Each structure stands twice: as C-alpha cells, then as structure tokens.
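First up is the structure itself, then whatever we jot down about it.
Because the structure is predicted, anything quoted here is derived from the model rather than measured. So that the names make sense, note that chain A is the first sequence line, chain B the second, and so on, each numbered from 1.
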Amino acid sequence: MMKRFVYADNSATTKISDAVFNEMLPWLKEGYGNASSIYALGREAGFAVERARKQVADALGAQPSEIYFTGCGSESDNWAVKGAAHKLAAKGKKHIITTVFEHHAILHTCQALEKEGFEVTYLPVYENGIVRVQDVENAIREDTALVTIMYANNEIGTIQPISQIGALCREKNVWFHTDAVQAVGNVPIDVKEQNIDMLSLSGHKIHAPKGIGVLYMKKGIVIPNLIDGGGQERGRRAGTENVASIVALGKAIELACEDIPGRIAKVSPMRDKIIDALSKIPYSRVNGDRERRLNGNVNMSFIGAEGEALLLSLDLAGICASSGSACTTGSLDPSHVLLAIGLSHEVAHGSLRITINEDNDQADIDHIIQTVPQVVEKLRAMSPMWEDLMKNKKEVKL
Amino acid sequence: MMKRFVYADNSATTKISDAVFNEMLPWLKEGYGNASSIYALGREAGFAVERARKQVADALGAQPSEIYFTGCGSESDNWAVKGAAHKLAAKGKKHIITTVFEHHAILHTCQALEKEGFEVTYLPVYENGIVRVQDVENAIREDTALVTIMYANNEIGTIQPISQIGALCREKNVWFHTDAVQAVGNVPIDVKEQNIDMLSLSGHKIHAPKGIGVLYMKKGIVIPNLIDGGGQERGRRAGTENVASIVALGKAIELACEDIPGRIAKVSPMRDKIIDALSKIPYSRVNGDRERRLNGNVNMSFIGAEGEALLLSLDLAGICASSGSACTTGSLDPSHVLLAIGLSHEVAHGSLRITINEDNDQADIDHIIQTVPQVVEKLRAMSPMWEDLMKNKKEVKL
Amino acid sequence: MLYSDKVLEHFAAPHNVGELPDADGVGEVGNAKCGDIMKMYIKVDDGKISDVKFKTFGCGAAIATSSIATDMIKGASIEDALKLTNSAVVEALDGLPASKVHCSVLAEQAVKAALADYYRKQGVDPTPIVGEIGECEACHNL
Ligand SMILES: Cc1ncc(COP(=O)(O)O)c(C=O)c1O
Ligand SMILES: Cc1ncc(COP(=O)(O)O)c(C=O)c1O
Ligand code: FES
Ligand code: FES
C-alpha cells in the first residue's frame, strides 16, 4: 500500500490551522496576563478576549454580550440544558424535547435530568436521520421547558430543519437550544433569523485548539451557572479566561464562516466521489440522507467487516477514520445514532465514518477510494459472518 | 523611575515556562489526534494523556486512576462541592462546612447550594487568616456531607492546617475537599498521608496554560458528573481531551513539585525582604500570618492609598500586582478575605498583593522596594483621607 | 484505546488465518450482535494439535487474541490446549485494555469449542473433559 497520511476524522477533531496558531501563540508566550487584571499586560489580554467575542458574535449573527466562553462543547451543552431545565422547573416546566440521536453531551445530560424527575421526549429521526418538525410540534406541551435538537449530526452528518424548529418554538414560546458543534463553518447560521435561543459550539472542530467552547445565549435568557466563582464572563462562567484559546477560537470561527459556500463547493464533490466509489462494494450502504448532510461526511456500513478492525487496518495504510462499532467504544452497543436510523447491530458493527474537509485533496480521496475496498475485502476474507452470508446460511437486511 | 518590567502577580496567573511550552507544542501542532481514537495519531495522544495523569498522581501521592482532568480550577471546585453535596443529600446529609475566606469558586458554589436548600457553616479565620481545627470539629454534625477548606489562601497566602483537618474528617467519617490551587508547588502535598478525599488544582498557577485543571478524587468517592457526555476521563468528565494542556500540566506539576524546599529557600527571603522594607512605610500593616504563608505572598495595606490607584501607578513603573480593593473588582465591597481577617473597609481599600516566584530576582525585589513607597507617598499626598488622618481628624485602626 | 505493540503486530499480520477443510474439530463462539464471532478449526494427530486455523469477525483485540491463541495451541497436546486461559492469552499480548478482556475470553472459548467438537466426533461426550462452554456473560445480556 502507498505510504501516505490522510487525516479523515475531522468530525472528531481538527488540526489547528497555521493562521489560528499564529494568532494564539503570542498569548501563550508573552501575553500571559490575567484578562481581568488592570495592568497593561492584563488589559491587553482583556481586549483580545473581547475582540474574539466579537468575532464569534459576528459569525453567528449575535451580539458580543450574548457570547459566553466555556471549556468545551460538552460544557456548553450541559450548561444550556441543565441550566434551562433548572430555571424553568421553578415555573413548573419539567418537560424537555430532544432527539434519540443527539451527541452524548446532550443525551447523558437528559438522562441525568430524568433521574432528577424531569421528563424527556426523545424524537425519532427515521431512516434518513432527520427529525420531523411535525413531531416536534406534536411533542410540545404546556410544561415543555426546552427543545434541544442538534444542528448537524456528528456521525452521519445529517442537517436538521433548524430554522423551522426555531420558528415553531418561538411561536409556542418554548426555549430552543441547538448543539451546533458540527454545523459551524459548514452551514450558514444566523441565530436571530433562525430564532435560536441558545447554541453550543466547540473550537477544536474548526481548527482551534481543544478545550475551548462557546455558549450563545440570547439576551434575556438567564439560567443558573454551571461553574460558579469569579466574575469572569459577566459573572456567568467562572475561571481565569483562557486567553490564548479564546483568541484562537475567535480567529478560527472568522475563518470558518467567511466562505461557507466556497467550502461546500470544494468539499462536497470529494465527499460524493468517496460515497459513489465505496457504494460499489457489495453489501454496503450509505447511512443518513445523501443530500441534507455535511459537506465532508461519509458514513457507510460494510457487512462482515467489523468497524474497529477496519479502522486499525486503515491506520496501517495511513488513513485516520472512525466507526460506530461497539468495539471502538469499549461498550457492547454500537452507535446509538446508527441504531436510531434503523440499522441492525450487525450492520452497525461494520460502519465507517470518513470526515474530510478543505485540507484534503484529490490524492487523499484517491487513497481512500483505493484502500477501503481492499481492507473490507481482507477483513471479509477472515470473517465467519461473511462466510455464512456468502453460503446463504445467513440473511442480513441492509 | 527605572524602566523595568516586574511581574509580581503570580497568584493570579503565571507565565508558561519554556520547559512546559516545549513539552506541549508538539500536541498543538502535529499531535492533534483525538486521544480516544484508535489510530496511531490518537493512540499517541492517549498515551501522552496517561503519562501526564501519572505525573499529576506522583506529585500528589495519588494513583493515576484518581486523577480527573477538568477545564479549570473553578470547574474542579464546582464539581467537587456540588457533586459531594448532591451525592450525600440522598443520604440525608445536607450540611457543608467551609471558611469565610475561600475563593469564590467555593463560596459562590456554596451559596448556590444554599439556594437549593443545603445548609453551610462558614468558619471564621481570625486575624491571622488561619482556620482553627477545633472550630471544624465543633461544626461537624451528624448530617455534615463535606468539609471544604482551601489549602492556602489566594490573597493573603496563609496556609491552613490541612493535615489535622484531614485526620479529623477521616475520624469523623466526613468527606474532605481542599482547594489547593495556590498550594501546589509551594507546600508538599500527600493526599494519602493527609487524608484528603478530593483536591482541586489549576494549571495556570504553576506555569502551565490557562484552561486546564485537575480534580483528584480518592478511590471510592463517586459523585455525579458536572459535565455529562462522552466516555472521557472514565466516563466522569466529558469533552474531547485537551491533550496539549494536559501534557503541559503534567510537566508543570512535575517541575513544580520536584524541589519545593529549594523554591521556599529561594523565594521566601525575597518575600521577607519586601515585607520588611514596606513595613517601614508608616500606617502600613501586613495581612495574614507572617510565618504560615506562601513563600511568594506579600499582602499589605497602606492607609490612605487606594488599591486600584496603587496598581495603576505601579503598572506605570512596570510592576504588575493586585489588590483587594473593591475598585479593582468593579464591585462595591473590598475583598471578602481582608474583611474576614478583621480589616475595616478603609484599610482593605488600601491593600496591595505582590506575589513573586522563582523567576523573580533581587533586581525585581529592589525595584519593588524602591517603587512602592514612592507610589504610596504620591497617592497619600493627594488623598483627603490621609490629610484627615495626619491632622488627627480621623482615627483608623490598623 | 491503548493497545500494546504486540496486539497491533498480531492484528496487522495475524497468524493461522483461514479454514481447514479436513478439520478434526470446529468451534464457533460469540454472536454477530455484539460484534464478535470466532471460528476455530483444529487438526489432531497423536493427541497433539498438529494444525489450527481461525476466522474472526471482531475488533483488533479479537483478531489478535485469535491469532496468538492459535499460536499457543499449535503443536501442543490436547491436555495443554485445554489449559489455555484467557489470562494467558492477555499476558502473551502484553495486556489488553479492560474493555477488551471479553475478546480474550472468546478466544479461550473458541479453542474449547473446537476441542469439544473433536471429542464429539470421536464419540466422546466432551462436557466432563471440556466443561460447559457458556456464552460470554456480557453478550448474553444483549
Ligand atoms: C484558591 C483558588 N481557587 C480557585 C481558583 C480558580 O482557578 P481557575 O482560574 O483555574 O478557574 C483560583 C484562581 O483563580 C484560586 O486562587
Ligand atoms: C455534536 C457534538 N456535540 C458536542 C461535542 C462535544 O464537544 P467537546 O469535545 O468540545 O466537548 C461534539 C464533539 O465531540 C459533537 O460532535
Ligand atoms: S470484538 Fe468487539 S470488542 Fe472485541
Ligand atoms: S461474546 Fe459478545 S460480548 Fe462477549
């Protein structure tokens, strides 16, 4: 096999871009002052934080005063959902609406709230991996505190009808949060136009470092703090400001959102080329809607080739990818997302997620297209499950 | 005045050291893989995280499996205190013991818990800024869930009798948490010997970057998650691992704890030199116990010279310091710490905190010793309060 | 997920992959639902396992444990092969992540299942010799 390195797991995390790195570096070195301090070293850091806040606000169509920096996307999700739940519980609203295929930062948060006595409706996402607005409408009740639905799914990349859900929630006077960690930079977002009350995002998905996130909260939305303490972030999120990472996130979101149509035009043909090529593998399927999906997301299943083994084999060929197989997570159940769109355990076990972005080129795509079929074949050749299938001893519904 | 830059606000935050920076840099650049991923790029990141976990554990006398990385010291404090409270509330224990002069990450957390129906005892710290073990003992009740007492105070640097409190809590079978954000690297810590059940620390106080913290939790202590989501940190703290900052923290704590006696021997004479020199300023006082204090902490009050004005003047002379004056925080009340040790508002307003470390040298100290008296004099010369005092129109208790 | 180099070695180039058309014993364990199926073929001559092959559907650990388990019993007496434990397999691989230990259990069971089949084909009731080959407990709960 060719000696080539292809990073194709950009939905897991991205490389810090040079532009972002150069922007953050001074704040890791000489600009180490506490952004809340009054001497010049601190004031400059404080200004840098406010510049970044403006960059984030501009990218989302929000006001800087509506932007709160957090420690990661998961923290933003937890803060938004737990905060809204606890706030509105005081008004007797103890019902939350979400989908079955949210990221665990939302799902496990909802489960924690259920233990506290909240009631959660998990909406289905059907075979195409897209929630239906009508289902959201039907689920809204008098005591619904919050609707939280992800903007784009992290595994199968399907994009949800956020504008319609936003309009519905506004009309019904229910708070609406969206986990946009995967969507930012890939879909144009305008929180005002789309009636989004709260939105989570994470730096490391858009070429900023790990360990920095944002929660956008519309003016007027006041929820209890998740992290109490000092007066940072207008008293709503304590902790000495992570200046370097905040600056990086500001730059990264500016770059990510400056030409979204250009990114889509560049990346989605590469995505389609991969999907078309790998669809020729017998007993394969594409997971999630083919049209309404992130420009860089490929998610497919290959029966008889277990996902973790696929990943390790691809790694040997220099390709970094991911899978929804149970075996990759150390749990017994395969990805809840793949099960949610109706895959059987068997098929979900043979899944592969390839997430490319604008840093990938045609040679990367060719390497993927050439390697995956070989690897699938190799694993199938040693798979008793495949043997049974070929000998018609077994039926599998794709 | 001399053109010299003296950073003397190391209790607020520290510069990332070269050794730490060099250690983290590869993980910001090429080593960007997701530490939970299975391909080589991810596995290496995973190993780096585990090495850092070991470094932290070794520095504290803990097991690596007892170390959880968080987004900052404030998060660690919130997680520990809210988690323990919610966990033990289920057993009918709804009482918490702390001190009046904790960091806001503890105090505001306790206040949030009070709103939820918990009862909190705030122990006094007396004039010397040290809590009395007997007071802790007297405060412990049948329904006490947690004792949380800081290891060293961030403003006046006083070191608390942690070993005795730990022994007491073990004997009484009450969980004991300590906020050791200021203590790590300055005081030898052994969580096992000292019977510490939970301990918070923060990277940016020991030359690692901002935005990374640790919560140590003794084996067997299980509390609800603050941040639910993915399986990171053994399912107890979600969020894609902040590999670069985790690696940095590992290196930083190793370096910080490798020669604590050496640091004390080097820094505390500089501290004493500053205190002795500035004590010659009339109407001044030292805040907090002179012996049982952090090796780098100077905290003094100068009547008639307002703290924020002091800081701005010092900044003009190239000195970064901090103050417990209300004016620096934008709130009306001066530091709760200074009030806790019995200072009047007037005196607290005139406070100055200088926190040095091993990066400072004699020339820095000389610059401080030369500049502060000039600045105090300048401000007093224009202060009506000082005028009243000099004309015996006013009495102030120091 | 922290795999040892040994695991990765065996995964990259597994030993004894394939089928034995004239096997004296064939055992299959696991189930596709949990993502683990192991099938083991053995050839027995003079009370010794003269050849062994496997096929596995499963993760890196499943493939590596199959590979090393076949190495460990190849050429061994039936008695010694019966003594193969999952912990010996884990040890031979320089350890496995905790969440992967069940894959090594499967390797032990696959060997036992193949030996049981061998005894059955000899007209011997394998249960007193090989013991019950239960399902993996974790798998059973699915
Ligand atoms: C004693 C103490 N606890 C907690 C914190 C909070 O740490 P962080 O800024 O990392 O949230 C600080 C510093 O700000 C501190 O000095
Ligand atoms: C949809 C979604 N939400 C939340 C997260 C969590 O973000 P973070 O890793 O910054 O906590 C991720 C990524 O891991 C994600 O893909
Ligand atoms: S085969 Fe699934 S974890 Fe090993
Ligand atoms: S065999 Fe399926 S989990 Fe063990």
Table please: side-chain donor-acceptor pairs of residues 23-35 of chain B below 3.5 Å, with sequence neighbours left out.
unit_1   : atom_1 : unit_2   : atom_2 : d
Asn34(B) : OD1    : Ser36(B) : N      : 3.0
Asn34(B) : ND2    : Ser37(B) : OG     : 3.4

Whatever's closer than 4.5 Å to a heavy atom in chain A on Leu107(B) counts as neither
Between Ser325(A) and Glu306(A), does any side-chain donor sit less than 3.5 Å from a side-chain acceptor? yes
Checking heavy atoms, do the side chain of Ala40(A), its backbone, both or neither come under 4.5 Å from chain B? both
Heavy-atom distance under 4.5 Å to chain B: side chain of Thr13(A), backbone, both or neither? side chain
Chain B contact via Thr70(A) - side chain, backbone, both or neither, heavy atoms under 4.5 Å: neither
Tell me yes or no: between the side chains of His207(B) and Ser17(B), is some donor less than 3.5 Å from an acceptor? no
Who wins among Ile227(B), Ile212(B), Thr14(B), Ile16(B) for the most heavy-atom pairs under 4.5 Å with chain A? Ile227(B)
Note: vs chain A, highest number of non-hydrogen pairs under 4.5 angstrom among Ser202(B), Pro224(B), Ser74(B) is Ser74(B)
Looking only at side chains, do His86(B) and Glu116(B) share a donor and an acceptor under 3.5 Å apart? yes
Side-chain contact, heavy-atom cut-off 4.5 Å: Met150(A) with Ile106(A)? no
Ala89(A): which residues meet the side chain to side chain contact (heavy atoms under 4.5 Å, CB included) condition with it, sequence neighbours left out? Lys94(A), Phe118(A)
In this structure, OG of Ser335(B) is separated from CG of Asn153(B) (nearest 0.5 Å) by 8.0 Å
Glu241(A) portion near chain B, given a 4.5 angstrom heavy-atom threshold: backbone
Okay, Ser245(B) and chain A: the region with an atom under 4.5 Å from a heavy atom over there is neither
Between Ser11(B) and Gln182(B), does any side-chain donor sit less than 3.5 Å from a side-chain acceptor? yes
Derivation of the side-chain contact (heavy atoms from CB on, under 4.5 Å) call for Leu310(B) and Ser323(B): CA-CA 8 Å; Leu310(B) 263 173; Ser323(B) 167; over 6 Å; no
Using a 4.5 angstrom heavy-atom cutoff, name the option from Ala321(B), Cys320(B), Cys72(B), Ala238(B) with the most pairs to chain A. Cys320(B)
Under the side chain to side chain contact (heavy atoms under 4.5 Å, CB included) rule, collect the residues that match up with Asp364(A), sequence neighbours excluded. Arg4(A), Val6(A), Asn360(A), Asp361(A)
Output the option from Thr109(A), Leu312(A), Thr240(A) having the highest count of non-hydrogen pairs under 4.5 Å with chain B. Thr240(A)
Largest heavy-atom contact set with chain A, pairs under 4.5 Å, which of Gly211(B), Gly71(B), Pro209(B), Ala112(B): Gly211(B)
Side chain / backbone / both / neither for Leu311(A) at chain B, heavy atoms under 4.5 Å: side chain
Do Val372(B) and Leu314(B) have side chains that get closer than 4.5 Å, going by heavy atoms? yes
Enumerate by number any residue of residues 76-84 of chain A whose heavy atoms lie under 4.5 Å from heavy atoms of chain B; in the absence of such residues, state 'none'. Asn78(A), Lys82(A)
For Tyr68(A), the option from Arg237(A), Arg236(A), Glu233(A) that meets side chain to side chain donor-acceptor pair (under 3.5 Å): Arg236(A)
With no hydrogens and no angle check, do the side chains of Thr148(B) and Glu102(B) hold a donor and an acceptor under 3.5 Å apart? no
If you tally heavy-atom pairs under 4.5 Å against chain A, which of Asp228(B), Asp315(B), Asn242(B) wins? Asp228(B)
Among Val243(A), Ile319(A), Asp9(A), who wins on heavy-atom pairs under 4.5 Å with chain B? Asp9(A)
With a 4.5 Å heavy-atom cut-off, do Tyr7(A) and Ile356(A) have their side chains touching? no
Taking every non-hydrogen pair under 4.5 Å, which of Gly230(B), Gly231(B), Ala105(B), Gly42(B) racks up the most with chain A? Ala105(B)
Go through the atoms of Asp18(A) and report whether side chain, backbone, both or neither lie under 4.5 Å from a heavy atom of chain B. neither
